[in-house]
Engineer: 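One structure is given below, represented as structure tokens, and several questions about it will come after.
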Amino acid sequence: MRTLIPHNKSYWLVLVTAIAALLPFTSCKKEIRDLAANDLVASAAKPGGGGGGTPLTRSILNVPPYITASTFNLTAAPGTHNLGSAITSVWQYNDGMPGPTVVATKGDNISVTYQNNLPEPSIIHWHGMLVNHDNDGQPIQVIGAGASYDYHFPIINRAALNWYHPHPHMTIGKQVYNGLAGAFIIRDAEEAALNLPSGSYEVPLVLRDISLDKSGNPVYNPTGGGFFGKIPLVNGTRDPYLNVERAVYRFRVLIGSTSRVFKLALSNGAPFVLIGNDGGLLPLSSDQTTIEVAPGERLDLLVDFRSIASGTKIMLQELNTGWDLLEFRVTSNLISYSGALTTSSSVPVLTSPVTTRFFSFDGMGKINGKEYDMTRIDFEVPFGQTELWTFKTNGNGPHPVHIHGASFQVISRTGGRGQIFPWEAGWKDVVLVNDFETVNVLIRFDSYKGVYVMHCHKLEHEDNGMMMNFEVK
Ligand code: C2O
Ligand code: CU
Ligand code: CU
């Protein structure tokens with residue numbers, strides 16, 4: 001597959017030629033071809049400016065359409081996308097970046113026809129979803145350009161925000177970067193009983209970074225160590241704002257960047273009410289003023305705007321860069337709220353592991369000294385057995401470690417940050433392992449037997465081979 005896309009430049013030429021052929025404005029062919037030279041220009045303004053400077057014209061936040069039917073189609077294809085202030089050429093699911101937000105309920109039977117209209121192989125993986133091997137969209141399951149794949153699976157997860165994205169080997173970073181990702185919300189009775197904010201008061205926020213060339217198209221020139229875009233996007237919108245009423249909102253946050261870790265805060269210093277993460281509701285909600293999350297991780301946050309004066313602007317910020325991500329503009333309507341403002345959930349606790357496994361995340365593309373081989377099964381895991389898995393790294397972090405086929409519970413972190421954070425309680429499917437950290441998790445595969453993968457969710461590391469196959473049997 002490396003030979004298919006031997007080099008970024010050639011890749012862009014292929015993409016761009018394909019797009020140019022499809023689009024009416026072929027006059028931009030020359031400009032787009034210049035893009036192949038990867039000539040990066042620094043984005044004009046530091047998005048939002050982080051205070052001071054010329055006031056920025058903000059664009060209304062894109063909220064992707066919802067799919068609520070249990071039988072639906074997803075088509076991946078090149079297309080154009082409105083960043084809010086400019087049009088850009090991207091790859092999309094169902095013409096959206098992000099793709100539509102799927103909403104399903106535990107117990108539903110889902111049927112999806114995936115149509116790959118990209119100029120190269122791909123496959124959809126349902127990140128966080130407990131599905132069997134055939135429905136898991138692993139690298140070995142890629143389908144070619146023009147082909148389609150039928151998925152059929154029951155929803156057995158509890159309520160949570162999951163997501164879908166491509167999972168080809170060696171090109172996942174590029175495909176996700178180009179715009180292929182979407183949210184997948186699962187509901188259940190436990191969550192429904194809490195009467196949490198819904199409708200326009202529940203907003204998915206897909207956070208990522210991007211760099212644009214001088215004609216406004218995405219540039220992806222990763223190094224082995226990763227890729228860090230120069231500007232943030234929220235739901236595919238650059239410098240967005242969202243009008244919020246004086247109400248309680250529920251934000252479903254997904255870190256959809258390829259490498260970048262996001263440290264979130266509100267500019268007024270108010271806390272988020274942290275109620276959930278990757279695996280749904282936490283054992284106990286808590287107030288958090290800053291939350292740091294890595295690619296693939298999710299957050300379920302309540303923000304109470306009821307006591308905020310109308311006309312106030314509050315910024316969702318990323319503290320590592322100083323980026324302004326999203327401006328909340330508080331309007332005058334006061335909306336009463338009778339749902340939960342704190343939550344608890346009796347999450348079963350895994351204990352007494354029978355087996356211990358050790359994984360060293362080495363360099364920028366190996367686990368336990370090995371590069372991924374999609375035809376090699378690296379180890380076997382007995383079905384239904386609780387195990388202790390240790391993740392360790394000496395450098396080249398952050399490594400957000402992700403496991404398919406089961407959620408896990410983080411029980412310790414030593415070295416580095418040396419603690420477990422409140423958003424790492426309950427069920428997780430990604431855990432951030434920074435340099436010199438050792439993280440222990442308990443895991444039990446009790447949904448399906450079959451081959452699954454574990455990998456670094458820094459997608460450039462994954463593309464380098466920081467991934468393993470294992471078989472649950
Ligand atoms: Cu989010 Cu193996 O993937
Ligand atoms: Cu996954
Ligand atoms: Cu990594």
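First listed ligand is number 1; within each ligand, the first listed atom is number 1.
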Engineer: For residues 97-112, which side-chain donor-acceptor pairs fall under 3.5 Å, sequence neighbours excluded?
Structural biologist:
unit_1: D108; atom_1: OD2; unit_2: T105; atom_2: N; d: 2.9
unit_1: S111; atom_1: OG; unit_2: H152; atom_2: ND1; d: 2.9

Engineer: Can the ring centroids of Y93 and Y164 be said to lie less than 6.0 angstrom from one another?
Structural biologist: yes

Engineer: Flag the pair E318 and R260 as a salt bridge only when some basic side-chain nitrogen lies within less than 4.0 angstrom of an acidic carboxylate oxygen.
Structural biologist: no

Engineer: If you look only at distance, which donor and acceptor atoms sit under 3.5 Å apart when one is on a side chain in residues 344-353 and the other is two or more places apart or in another chain?
Structural biologist:
unit_1: S345; atom_1: OG; unit_2: R158; atom_2: NH2; d: 2.9
unit_1: S345; atom_1: OG; unit_2: E190; atom_2: OE2; d: 2.6

Engineer: Anything protein N/O/S under 2.8 Å from atom 1 (Cu) of ligand 1? Just list residue and atom, please.
Structural biologist: H127 ND1, H165 NE2, H457 NE2

Engineer: To make sure I understand the geometry: which N, O or S atom in H404 is closest to atom 2 (Cu) of ligand 1?
Structural biologist: NE2

Engineer: Over 60° means perpendicular and under 30° means parallel, so tell me whether W323 and F262 are parallel, tilted or perpendicular.
Structural biologist: tilted

Engineer: If the test is side chain to side chain contact (heavy atoms under 4.5 Å, CB included), which one of L299, V253, N277 qualifies with V293?
Structural biologist: L299

Engineer: At a cut-off of 2.8 Å, list the protein N/O/S atoms near the Cu ion (ligand 3), residue plus atom name.
Structural biologist: H399 ND1, C456 SG, H461 ND1

Engineer: Would a line drawn from the ring center of F379 to the ring center of W389 be shorter than 6.0 Å?
Structural biologist: yes

Engineer: Can you tell me the N, O or S atom of H455 that's nearest atom 2 (Cu) of ligand 1?
Structural biologist: NE2

Engineer: In plain terms, say whether R298 and D429 are close enough for a salt bridge, that is, a side-chain N and a carboxylate O under 4.0 Å apart.
Structural biologist: yes

Engineer: Strictly distance-based, threshold 3.5 Å: is any side-chain N or O of K449 a donor or acceptor partner for the main-chain N or O of E471?
Structural biologist: no

Engineer: For the residue pair H125 / H165, report whether a side-chain donor-acceptor contact shorter than 3.5 Å exists.
Structural biologist: no

